[in-house]
Amino acid sequence: MLVRMLYLIATRIFAWLVQLSRSSAAKEVDILIVRQEVANLPLGTPADTR
């Protein structure tokens, strides 16, 4: 349990450091890509209402 928690904390810290080192343009591109992916998600079938 302790090893898992230490692993999760370490991965969060490394991800945070990577985010700090990225340029503003790279962050904007990432946001645009995620928006495009969300816009193209299938809506699925509506629930059966009776």
Side-chain angles (χ1 to χ4, degrees):
M1 186 72 170
L2 179 63
V3 175
R4 178 176 167 80
M5 188 167 71
L6 290 175
Y7 171 76
L8 290 174
I9 291 171
T11 56
R12 297 290 174 140
I13 290 172
F14 287 131
W16 182 66
L17 291 174
V18 169
Q19 285 292 335
L20 285 177
S21 67
R22 291 175 65 188
S23 69
S24 178
K27 291 176 187 175
E28 290 293 325
V29 169
D30 195 28
I31 289 171
L32 289 174
I33 290 171
V34 170
R35 284 183 182 169
Q36 182 66 30
E37 289 175 353
V38 169
N40 291 325
L41 286 175
L43 296 177
T45 58
D48 185 18
T49 56
R50 292 185 181 183

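Along the sequence shown, the residues carry numbers beginning at 1.
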Tell me which one of Ile33, Leu41, Asn40 satisfies side chain to side chain contact (heavy atoms under 4.5 Å, CB included) with Glu37. Ile33

Leu8, Ile13: one ILVMFWY side-chain cluster at the under-4.5 Å cut-off? no

Mind checking whether Ile9 and Leu20 sit in one hydrophobic cluster, side chains of I, L, V, M, F, W, Y counted as touching below 4.5 Å? yes

Closest heavy-atom contact between Arg22 and Lys27? O-CE, 3.7 Å

For Ile31, which fellow cluster members are found when Ile, Leu, Val, Met, Phe, Trp and Tyr are connected by side-chain heavy-atom distances below 4.5 angstrom, either directly or through intermediates? none

Examine Trp16 and Tyr7 and state if one hydrophobic cluster contains both, with Ile, Leu, Val, Met, Phe, Trp and Tyr joined whenever side-chain heavy atoms are less than 4.5 Å apart. no

